[in-house]
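Written below as structure tokens is the structure these notes are about.
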Amino acid sequence: MIKISLPDGSVKEYEVGVTPMEVAISISEGFARNVISASFGGTTVETTTPLTMDGSLILYTWNDEGGKKAFWHSTSHVMAQVLEEMYPGIKLTLGPAIANGFYYDVDFENHKITDADFKKIENRVLEISREKHEFKLRPVSKAEALKVYKDNVYKTELISNLEDGTITFCDHSTFTDLCRGGHIPNTGIIKAMKIMSIAGAYWRGDEKNKQLTRVYGISFPKQKDLTEYLELLEEAKRRDHRKLGKELELFAFSSKVGQGLPLWLPKGAALRDRLEQFLKKAQKQAGYEQVVSPHIGQKELYVTSGHYAKYGADSFQPINTPAEGEEFLLKPMNCPHHCEIYNVRPWSYKDLPKRYAEFGTVYRYEQSGELHGLTRVRGFTQDDAHIFCTPDQLDQEFKNVIDLVLYVFGSLGFENFTAQISLRDQENRDKYIGSDENWEKAENAIINAAADKGLKTIVAYGEAAFYGPKLDFMVKDALGRQWQLGTIQVDYNLPERFELTYKGSDDQLHTPVMIHRAPFGSMERFIAILIEHTAGKFPLWLMPEQAIILCLSEKYEKYAKKVLNLLENHEIRSLIDNRNESIGRKIRDAELQKTPFMLIVGEEEEKNETISIRRQGQEGNGNMSVTIEEFVAIVNEEIGKTLKTFTV
Ligand SMILES: [Zn+2]
Ligand SMILES: [Zn+2]
């Protein structure tokens, strides 16, 4: 018998050789019908793989990432089959699942695939799928594998790098592919499939190699899912932060300044500043102290921290000075600086925790092909803070940070999130710095704090940073897309490297524990996600301009100014559109800017000392006539709904 542990913590005994599908059936027949793939001991397996030892089993349905991955990867096999059928003699290379769908890199040789072929390929994939072919994994010897692929240089290269005895082929229908596994039981559940695009891709991502054609596709268990996905893509295009960022005049890029280095325009800078002030205020209440550190640091600083050894080669290279041998690095993270701030004087356990916060700008080299709007940049500002505490304070500090993160999400309209607890790889532990004992303490602190705060969590083994475990908040935006936002990391490593100490109640020197945390993550990436989540209609408290006063004609400009002054007295951010344009045009422009309130003033309003409110996205030329005081009350009530006061 073997012991199989399941994600709910239960452990059950089964005969040696039981398959994941049989385990699923033993749980419930209904559940088993939805199981499409599995992982065992952290490795992807087939649902038909006989399990021969104790281990943890995860059964995936379409609703799990693991299920989608198997579904999409399996579809790539069927697509490859069709491509081979339609374009004889092509050479297949690799066909993995990706975040949304899958691709297959193909050397089309003398053939050419065009958009016009997509429909035909899709139809044939579905035709084969309907025949319900099972995916069967079979071991092959290296010699046999090489023989089968003797005419395919790519597969030959792949096989050459594999160890004899570990090589498998996957068969379905009449098609066979070199594959290590991770398939759905059969093709029958693939009910919708679309080729999304084709692009050039170098073999192994190396531009010295031959350029292949990457065929991107996606598939679903229902036609309706595909339709919804395509609609979502359209909406995502409309909300793209690069497009809206331009329209709303928030940020820009300049090739002269350099790729991946965003320039914040006045409105964007104001938005950023408001976010910073919002967090600073909450942090002050939570006992943080602001610090400031420079944008560069001596190379030695990062040698001490260990960052240089780990990332140095792939980073911006050292900056030299006229002084020989002097080398500086652009700051890739704020942590080493903050360690040195801690180190300026001795501390007693009574002084801890120390919580140092800084909106610290850091620079990380990304290849130009990896850059994307504000989400992948080369210079960005972290809403960083480092907490130095005693091991006994770790649990409480962790809980406090979670409270702060939840406050931030609540105030910005992110309702839907899960927390990922990233722990060490269960097998390979050599890649982590620090003692086993410390790792266990830290991992338990995170697990306890997350449970105490009732967070919806998932545990990811092998996702921890090299210096400590972490809790990452994964947020779903309005389009259902998942983003990693806030992160909280425990670190036992840097305090040791920087020889940080405090005097304990025993009068001995001890090493403090460090927590890195950033609720937004980076200001750039956070704002990008916020733009796409809200489609530019930020929460009212955050809007660059909350109201715009539209004069029906220049006769009312004086009254408009009076209104503006009154609103300013009430700290409502507003401006006047006194251009010589029609009211229709002014409304259209304000709509594009997503200004929440348009305040129309004309003869009637001037006479009664009122304004006519038109809400963004509403029809008509203003349909609610109110006094300034009434309008202020409306604004404050709406702000109060999202922006609560942070309480410790
Ligand atoms: Zn496969
Ligand atoms: Zn840090």
Side-chain angles (χ1 to χ4, degrees), residues 36-37 43-49 69-81 92-98 102-105 133-140 155 158 167-173 175-187 190 219 288 291 293 297 301-302 305-307 310-311 331-342 354-362 364 380-388 401 465-472 486-495 497-498 500 512-522:
I36 56 174
S37 82
T43 311
T44 305
V45 291
E46 307 290 293
T47 55
T48 52
T49 304
K69 232 174 135 182
F71 193 93
W72 287 331
H73 166 68
S74 302
T75 313
S76 86
H77 278 276
V78 185
M79 185 181 78
Q81 175 185 11
L92 299 170
T93 70
L94 288 165
I98 50 175
F102 57 88
Y103 66 77
Y104 214 116
D105 280 351
H133 299 286
E134 273 179 48
F135 289 98
K136 290 184 200 146
L137 211 57
R138 101 181 117 94
V140 287
K155 296 279 190 192
L158 293 173
I167 304 170
T168 47
F169 278 179
C170 177
D171 304 311
H172 83 268
S173 173
F175 182 77
T176 296
D177 205 346
L178 171 73
C179 186
R180 70 164 79 94
H183 305 102
I184 54 178
N186 67 69
T187 60
I190 304 167
S219 57
Y288 288 77
V291 294
S293 62
L301 181 69
Y302 305 101
S305 71
H307 291 117
K310 185 118 180 129
Y311 302 112
K331 174 164 77 173
M333 52 259 302
N334 305 299
C335 345
H337 288 83
H338 290 189
C339 285
E340 284 303 290
I341 289 176
Y342 178 89
K354 295 305 294 177
R355 308 179 188 93
Y356 295 138
E358 176 177 13
F359 285 86
T361 303
V362 297
R364 295 184 191 169
F380 56 93
T381 303
Q382 294 177 311
D383 55 323
D384 213 356
H386 295 97
I387 300 168
F388 301 91
V401 176
F466 76 96
Y467 52 81
K470 54 181 179 168
L471 184 68
D472 291 319
T487 175
I488 316 175
Q489 304 193 342
V490 177
D491 189 348
Y492 281 103
N493 174 53
L494 281 188
R497 283 177 165 266
F498 280 91
L500 308 185
V513 186
M514 187 173 176
I515 301 174
H516 313 249
R517 42 104 288 176
F520 293 140
S522 98

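Just follow the structure's listing: the first ligand is 1, and inside any ligand the first atom is 1. Quick caveat: nothing in here was measured; it's all calculated off a predicted structure.
- Residue Lys69 places its NZ atom among 12 or fewer non-hydrogen atoms of other residues, nucleotides or ligands, all under 6.0 Å distant.
- Put simply, Cys335 gets within reach of the Zn ion (ligand 2), with an N, O or S atom under 2.8 Å from it.
- With rounding to the nearest 0.5 Å, the separation of NE2 in His338 from OG in Ser293 is 4.5 Å.
- Under 2.8 Å from the Zn ion (ligand 1) lies an N/O/S atom of Cys179, whether from backbone or side chain.
- Take the N/O/S atoms of His77: the one nearest the Zn ion (ligand 1) is NE2.
- Looking at every heavy atom in both residues, His73 comes nearest to Cys179 through NE2-SG, 3.2 Å.
- Between the Zn ion (ligand 2) and the N, O or S atoms of His516, the shortest distance is to ND1.
- Residue His386 is tested with Gln489, Arg355, His337, His516 for a side-chain hydrogen bond (donor to acceptor under 3.5 Å, both in side chains); the sole match is His516.
- Shortest distance from the Zn ion (ligand 1) to His183 is reached at NE2 (N/O/S atoms only).
- Here the rule is side-chain hydrogen bond (donor to acceptor under 3.5 Å, both in side chains) with His172, and of Gln81, His183, His77 only Gln81 fits it.
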